[in-house]
2 protein chains.
Amino acid sequence: MAAHVKELTNPDRSAENLGDSAYRQMKERIIRGVYRPGHKLTVRAVAQELDVSTTPARDAINRLASEAALVYAGPKTVVVPVLDAGALKEITLIRLALEGLAAQQAGEHVVDDDVEALRLLQKQINSALDVGRYADALWHNKEFHFAIYRLSKLPHLVLMIETLWLRIGPSLHNLYPEFAKERFGVHNHEVAMEALQERDGASVRAAIENDIRDGYRRLKRACREKAALPAS
Amino acid sequence: MAAHVKELTNPDRSAENLGDSAYRQMKERIIRGVYRPGHKLTVRAVAQELDVSTTPARDAINRLASEAALVYAGPKTVVVPVLDAGALKEITLIRLALEGLAAQQAGEHVVDDDVEALRLLQKQINSALDVGRYADALWHNKEFHFAIYRLSKLPHLVLMIETLWLRIGPSLHNLYPEFAKERFGVHNHEVAMEALQERDGASVRAAIENDIRDGYRRLKRACREKAALPAS
DNA sequence: TTTACATTTTTGTTGCAACAAAAATATCAA
DNA sequence: TTGATATTTTTGTTGCAACAAAAATGTAAA
């Protein structure tokens with residue numbers, strides 16, 4: 001139950017209860033794209049999958065639902081969200097506001113070592129794209145973004161951004177690899193790193209906002225081409 | 001358990017489970033300032049207070065904690081948050097980003113009737129201030145702000161803003177009535193309404209941002225004068 | 001084949017008791 | 001009085017069974 005406060009400081013997984021553990025594992029699965037949009041989740045199924053009783057499983061599902069990482073399709077049915085055009089647009093607007101803020105603040109706190117770490121992450125993205133491991137590319141892309149956002153030194157902001165990524169994660173994976181093949185964001189990432197090097201918060205924000213907008217456009221196009229069909 | 005999805009549409013309270021009900025009641029109490037910053041909440045105490053068993057009480061507390069409306073003071077102790085200067089500053093930054101966005105979008109969807117409704121709300125704020133009912137003034141102030149934010153037609157955004165108000169609510173009430181006596185925000189509210197009348201989103205945003213910044217300055221000053229002492 | 005209805009199964013909810021761990025309290029030495 | 005230590009009490013967690021409600025399935029009529 002103390003997972004939230006722990007996320008604000010250090011991921012101390014030693015004294016974690018089963019509900020926290022279930023929540024973390026389900027979150028990981030959702031972000032990794034294990035469940036497709038529309039997938040139905042039941043308390044007993046999750047309990048069996050994670051080998052815990054119904055109580056922690058219910059805790060995890062409730063918490064994910066309250067964060068809108070899962071949504072209600074009926075009074076007794078929670079599913080992985082299927083984003084429609086309106087919801088995608090709204091989340092993008094919020095992402096621009098929050099991730100733009102985090103990017104700008106990152107420019108105020110960044111040191112050279114941070115930029116070096118980011119260059120390493122970008123290399124991992126590029127390598128993954130080279131060999132066609134798109135799921136890995138997506139994962140490293142997430143790490144790159146959050147490495148920047150954490151530089152803002154605004155932990156509450158980072159957590160709020162995480163919930164947004166949790167909402168779009170499944171739809172993102174559902175559109176892969178068509179979406180990733182275009183080498184998304186490589187240019188924007190380079191610009192962001194240069195701006196960070198120069199401690200230019202406004203330019204970091206602009207680069208991240210561009211990245212988000214590019215992703216939004218590609219996602220919308222991919223949605224039109226391959227209408228996101230709910231998994232049975 | 002379906003409270004979240006219901007909040008996105010209509011407050012249909014007919015088919016609501018005990019966990020939702022407990023969550024809603026506790027939220028109301030926190031916003032209304034029933035509990036002071038530092039107040040400790042236990043599962044059994046909440047259960048008794050709301051006349052339900054421990055399960056729904058635990059649900060409500062867990063959910064509020066995951067939204068940071070309650071925080072952990074120890075592995076087994078959740079308390080109403082005591083905001084320090086750093087947290088207040090961070091939340092204000094996030095509020096500026098999100099409420100600024102909502103205010104701007106409100107300018108795109110507002111109709112004349114909406115402005116009329118806002119004028120009524122402002123009159124209620126003024127009346128409450130006139131007769132010294134500061135808690136009521138605070139409540140109507142909240143209604144005024146959210147009436148604007150709802151005009152954005154971005155329900156997810158409105159919910160995220162609500163969680164932010166939930167975090168600062170207790171500290172706000174703790175500093176009353178010193179804080180309210182200054183007739184906060186009256187001017188900013190007038191400007192916001194004029195801008196809405198003219199469908200000028202950018203100016204609505206500016207007015208709301210000013211209101212938030214003014215509130216932040218007053219809150220910080222009030223904090224210095226009367227150091228927020230945790231209730232025993 | 002489709003639609004409407006009845007039946008069966010699945011599912012979330014709720015309360016509770018036992019347990020372990022943490023917090024509060026009492027005790028005592030310095 | 002203060003500080004550390006031992007004791008007692010409080011507290012969150014976990015699993016589970018019973019229940020009601022919803023979802024899935026089956027059935028039959030058009």
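Because only heavy atoms are used, hydrogens play no part in the values below, and waters and symmetry mates are left out as well, while side chains stay in. What you are looking at is a predicted structure, and each value in this text was computed from that prediction instead of being measured.
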Note to self: If the threshold is 4.0 Å, N to carboxylate O, is there a salt bridge linking K153(A) and E90(B)?
What the structure shows: no
Note to self: Less than 4.0 angstrom from a charged side-chain N to a carboxylate O is my criterion; do E209(B) and R205(B) meet it?
What the structure shows: yes
Check: Is a side-chain donor or acceptor of S21(B) paired with a backbone partner of N17(B) at a separation under 3.5 angstrom?
Finding: no
Round to a whole Å and report the spacing from [atom1] of [X] to [atom2] of [N].
X	N	atom1	atom2	result
I61(B)	dT10(D)	CD1	C1'	14 Å
L41(B)	dT10(D)	CG	P	18 Å
Y72(B)	dA22(C)	OH	P	14 Å
K40(A)	dT10(C)	NZ	P	11 Å
R63(A)	dT13(D)	CZ	C1'	15 Å
R44(A)	dA18(D)	CZ	C1'	11 Å
L18(B)	dC19(D)	CG	C1'	13 Å
D20(A)	dT14(D)	CG	C1'	13 Å

Item checked: Nearest-0.5 Å distance that lies between atom NE2 in H39(A) and atom CZ in R29(A) -> 10.0 Å
Consider the side chain of [X], meaning its heavy atoms from C-beta on, and name the nucleotide among [options] that approaches it most closely.
X	options	answer
K76(B)	dG15(D), dA21(C), dA22(D)	dA21(C)
P56(B)	dT11(D), dC16(C), dG15(C)	dG15(C)
T77(A)	dT14(D), dA23(D), dT13(C)	dA23(D)
S53(A)	dT11(C), dT13(C), dT14(D)	dT14(D)
T55(A)	dA20(C), dC16(D), dC16(C)	dC16(D)

Next item on the list: For the pair F146(B) and W165(B), name the ring-plane relationship: parallel under 30°, tilted 30 to 60°, perpendicular over 60°.
Entry: perpendicular
Checklist line | 5' priority, DNA chain D, between T54(B) and A73(A) [closest heavy atom] | finding: T54(B)
Notebook entry, point to check: So, is R58(B) near the phosphate of dT13(D), with a side-chain N or O under 4.0 Å from OP1 or OP2?
Noted result: yes
